[in-house]
Structure formats: structure tokens, C-alpha cells
Number of protein chains: 2
Amino acid sequence: MARSNNQETRTVLRHWQEDVPDDRLAHLVRDAGRVLTKTLQTKLADHSVSFGHWSFLRILWVTEGLTQRELSEQAGLMEPTTYTALKAMEANGLIERRQLNGNRKNIHIYLTQKGRDLKQTLIPLAEAVNESAVRGVDEDDLLATRRTLLAIISNLAEANE
Amino acid sequence: MARSNNQETRTVLRHWQEDVPDDRLAHLVRDAGRVLTKTLQTKLADHSVSFGHWSFLRILWVTEGLTQRELSEQAGLMEPTTYTALKAMEANGLIERRQLNGNRKNIHIYLTQKGRDLKQTLIPLAEAVNESAVRGVDEDDLLATRRTLLAIISNLAEANE
DNA sequence: TGAAAATACTTAGATATAAAAGTATTTCGC
DNA sequence: GCGAAATACTTTTATATCTAAGTATTTTCA
């Protein structure tokens, strides 16, 4: 898999260096996102964690006890996606799904010790990917990139009204 | 769909404005890519073109007659993905799959007139999404963003060796 | 307080994508 | 020119994601 992964990254890179007209920032953003995801995915796989599960772990390491609905919203995924992922994560022993008090509608999600412990292992992996990705990039460029990407998300939130 | 799309975009935006630690550029890149894709996807759907098909049309508008393998590489997708997408595009009357000369192994892809004509309709849609996405963003920030994203793709190509 | 509305989860079905394995064809080196 | 290697497409199977619809529960308000 490392080979085909790298193969793909190279091809995407060559494409951008040689072929691309100057007006396709969207395409560039998507490609960068894709290689970032692939790279992290490969590292997470060594610990039997899929990228989808990582998304929820990240949130739960900050706040446990959220409902499935709340997790969906924070992750930016639809509820069936969340439902399936959480079921799988429960089966993998990463989380527990609990009903609290008398409420039979809401299901609250808690980490198991195993899920909690993974934080120490996985966060450094993600940080390493980030560091390696931006190696050599000017600090001002990074700040400008953050501004631009936030503006894109914000502009499209309005444009989609 | 517009509503849930917008709902999601807003939630992602709030998340970034309120919650995010300063060291997760990767996550920001992915989220921006996601809202860009969603926005374009919605507009393409009005013309019965899926985002996957758009990816191949874009390439074919520049160069017809590529093989499936070559298309996979340019699009940065695996061959089964390409195979399925092209079969569907053929069924939709967007492309033709032809064998040339005596070669029975390679399949070359050509646009139909319908596929060719869509260029005039769809390219402006994509450009409009790009424009609306970067509205109000400083020109220097845009250049810096391009540099950063290219560096990310390039760095990860090396890191994945 | 009881019916309507809103909420939260679940199920069903569809699409996009990939990995792995299979088949057919072409190319290359002896 | 023949057999091994490489190539190119196809099939199978699996995962992630979504939309739409369904079910159960809670909340609201007349």
C-alpha cells in the first residue's frame, strides 16, 4: 500500500506542477486534503484505527458523554455515518454507548480505557504528519493559508444560504 | 439538500471559529476541501453530473483518447474507481470507450458531443464556486495559500517514500 | 392532559472509493 | 519466435459516506 500511496501522491504532484491552469484553487485544496488524509490513514492503520474512527476519537478526547447527534454535528458527518462508525467503534472496544437517567431517546458516548489510552499514541502521529507536511513552509505563508481556508469555509456557508 | 448542506457548512465553521487548537492545519485543509466539493456537487447535480464524473470530464476536455489507466493516473484515482465511473459515463452518453488499431488491451476514451458540450456549461459553474469561495481574500494570501498547498503535496510525496 | 410537533436514533438503499485477485494481451530478452 | 514478465482491463469484496424513510421518545401548548 505504501507504494501505491506514494505513486498516487507523485502523480498528483506532477499534475500540479505541469498541467494546472491558474484558477483552480478548489482542486488544489482538495488534492492537498486527500494526500494529508491518505498519509495519516496509513499511520493510523498500524494501530487498527480507521480515519473515520479517528475523527470521532479526536472529539471524544476533548468531551465525553456527547450524544450521537452532537457527535455528528461536531464531526460534520450525517447521522447514519456516525451511527455506523460508533457501532463499529463499540465493537472494537473503543467506546461505550450509554443511556442516562430515564431518557430512552438520547444515547451518550463514552470512551473505554482503551479508547482513552490511544490518545497518547495517535495524537503524536497526527502532529508528525502535520509537521512533515509543512516542513520548509514560511510561517507567514502558513498564517495566510489559515486565513484563506477559514474565509473559504465562511464564504461558502453564506453562499449556500 | 440545500438545507442540510448549509447546516453542515455552518457547523463546520462554528467548530473552526471556536474550538480548534492552533496546530491542525491538516484538519482545516480537509474541511475546506469538503465544503468546496459539496458546493460544486450541488451545482453539478442540476445538470445530472456527479462529482466523480466531473473529475474525468475536466481531464477529457483537455485531452481525449487517453486510456483508462492514463485517466486513473491523471485523476489520482484507482483503476476500479475509474472503470466504474467510465462505464456509468458511457451509459449516460458522456463518453465512448474505443479500441484502436489492432490493440485489444488498451481502451481509449473519447467524449461524445454531449460530453464535449457540457464544458461550456460546467466550467463556469466551477469558476463561480471558486470565485465565491475566495471572495474578499487578499491576493497575496491566495498566492501564499497556493505555495503552502503545493509544498504540502510535495513534502508528503517525499515523506511517503 | 393529550394530541401535534419536534427530536433522536435506526434501517434501507445508493454511490464512490479502494484493495486484492483474476483474465487477457502485449512486450521483451534470449 | 517463444516463454516470462509486464501491462491493462475487469471482477469481487469491503468500507465510508450520503439521502430518504421509518420508529420511538420527548416536548410543547391549547
Side-chain angles (χ1 to χ4, degrees), chain A residues 1-9 12 30-31 33-35 37-38 40-42 44-45 48-56 66-73 75-92 97-109, chain B residues 1-9 30-31 33-35 37-38 40-42 44-45 48-56 65-73 75-92 97-109:
Chain A
M1 170 148 114
R3 185 163 58 230
S4 99
N5 198 339
N6 182 46
Q7 158 79 36
E8 175 180 339
T9 312
V12 169
R30 281 190 287 262
D31 275 0
R34 192 160 55 176
V35 295
T37 300
K38 285 255 157 105
L40 180 55
Q41 207 165 42
T42 303
L44 292 174
S48 305
V49 172
S50 74
F51 186 78
H53 296 183
W54 156 260
S55 308
F56 293 108
L66 296 171
T67 63
Q68 294 193 172
R69 168 76 45 115
E70 289 166 337
L71 274 169
S72 295
E73 288 175 0
L77 297 171
M78 294 295 103
E79 284 179 77
T81 306
T82 305
Y83 175 78
T84 311
L86 292 176
K87 279 292 212 181
M89 289 171 77
E90 184 178 41
N92 291 353
R97 304 163 74 244
R98 293 193 209 142
Q99 299 202 311
L100 296 187
N101 314 319
N103 193 312
R104 287 189 290 172
K105 194 161 63 157
N106 298 22
I107 293 185
H108 299 264
I109 311 296
Chain B
M1 169 146 115
R3 186 164 57 229
S4 99
N5 198 338
N6 182 46
Q7 158 80 32
E8 174 179 339
T9 312
R30 281 190 287 260
D31 275 359
R34 192 160 55 174
V35 296
T37 300
K38 287 253 158 106
L40 180 56
Q41 208 165 40
T42 302
L44 291 175
S48 305
V49 172
S50 73
F51 186 78
H53 296 182
W54 156 261
S55 308
F56 292 108
L66 296 171
T67 63
Q68 295 192 171
R69 168 76 46 113
E70 290 165 337
L71 274 168
S72 294
E73 287 174 1
L77 298 171
M78 294 297 102
E79 283 180 77
T81 306
T82 304
Y83 174 77
T84 311
L86 292 176
K87 278 292 211 182
M89 290 171 76
E90 184 178 42
N92 292 353
R97 303 163 75 246
R98 292 193 211 143
Q99 300 203 310
L100 296 187
N101 314 319
N103 192 315
R104 285 189 291 172
K105 194 161 63 155
N106 298 22
I107 294 185
H108 299 263
I109 311 296

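Computed from a predicted structure; not experimentally measured.
Dashed line: the shortest gap from a side-chain N or O of A:Q68 to OP1 or OP2 of C:dT10 is under 4.0 Å. Contact check, A:K87 against C:dC9: no side-chain N or O comes under 4.0 Å of OP1 or OP2. For D:dA16, the OP1/OP2 oxygens have a side-chain nitrogen or oxygen of A:S50 closer than 4.0 Å. Phosphate proximity of C:dA8 to A:T67: absent, as no side-chain N or O sits under 4.0 Å from OP1 or OP2.
No N or O donor and acceptor, one from the side chain of A:K105 and one from the base of D:dT26, sit under 3.5 Å apart.
With rounding to the nearest 0.5 Å, the separation of CG in A:L66 from CG in A:L71 is 5.0 Å.
As a whole-Å value, the separation of A:Y83 OH from C:dG13 P is 15 Å. D:dA8 atom P lies 13 Å from atom CG of B:L66, rounded to whole Å. In this structure, CG of A:N101 is placed 15 Å from P of C:dA8, rounded to the nearest angstrom. Taking atom CE on A:M89 and atom P on D:dT15, their separation rounds to 16 Å, with Å as the unit. As rounded to whole Å, 14 Å separates atom P of C:dA16 from atom CG of B:L40. The CZ atom of B:R97 sits 5 Å away from the P atom of D:dT10 (whole-angstrom rounding). Here C:dC9 presents its C1' atom at 9 Å from CG of A:N106, a figure rounded to the nearest Å. For the pair A:R98 CZ and C:dC9 P, the interatomic distance rounds to 16 Å; values are reported in whole Å.
Taking both residues in full, the closest heavy atoms of B:L44 and B:S50 are given as CD1-O, 4.2 Å, listed atom of the first, atom of the second, then distance. Minimum heavy-atom separation, A:Q99 to A:K105: NE2-N, 4.4 Å.
Nucleic acid contact class of B:R104 (heavy atoms, under 4.0 Å, all strands): sugar-phosphate only.
Each of A:S55 and B:R69 has a nearest nucleotide on DNA chain D; the 5'-most of these lies closest to B:R69. When the nearest nucleotides of DNA chain D are assigned to A:P80 and A:H53 by heavy-atom distance, the more 5′-ward of the two goes with A:H53.
Inter-residue side-chain proximity for A:M89 and A:I109 is flagged as unmet; no heavy-atom pair is nearer than 4.5 Å. In this structure the side chain of B:I107 never reaches within 4.5 angstrom of the side chain of B:R98, judged on heavy atoms.
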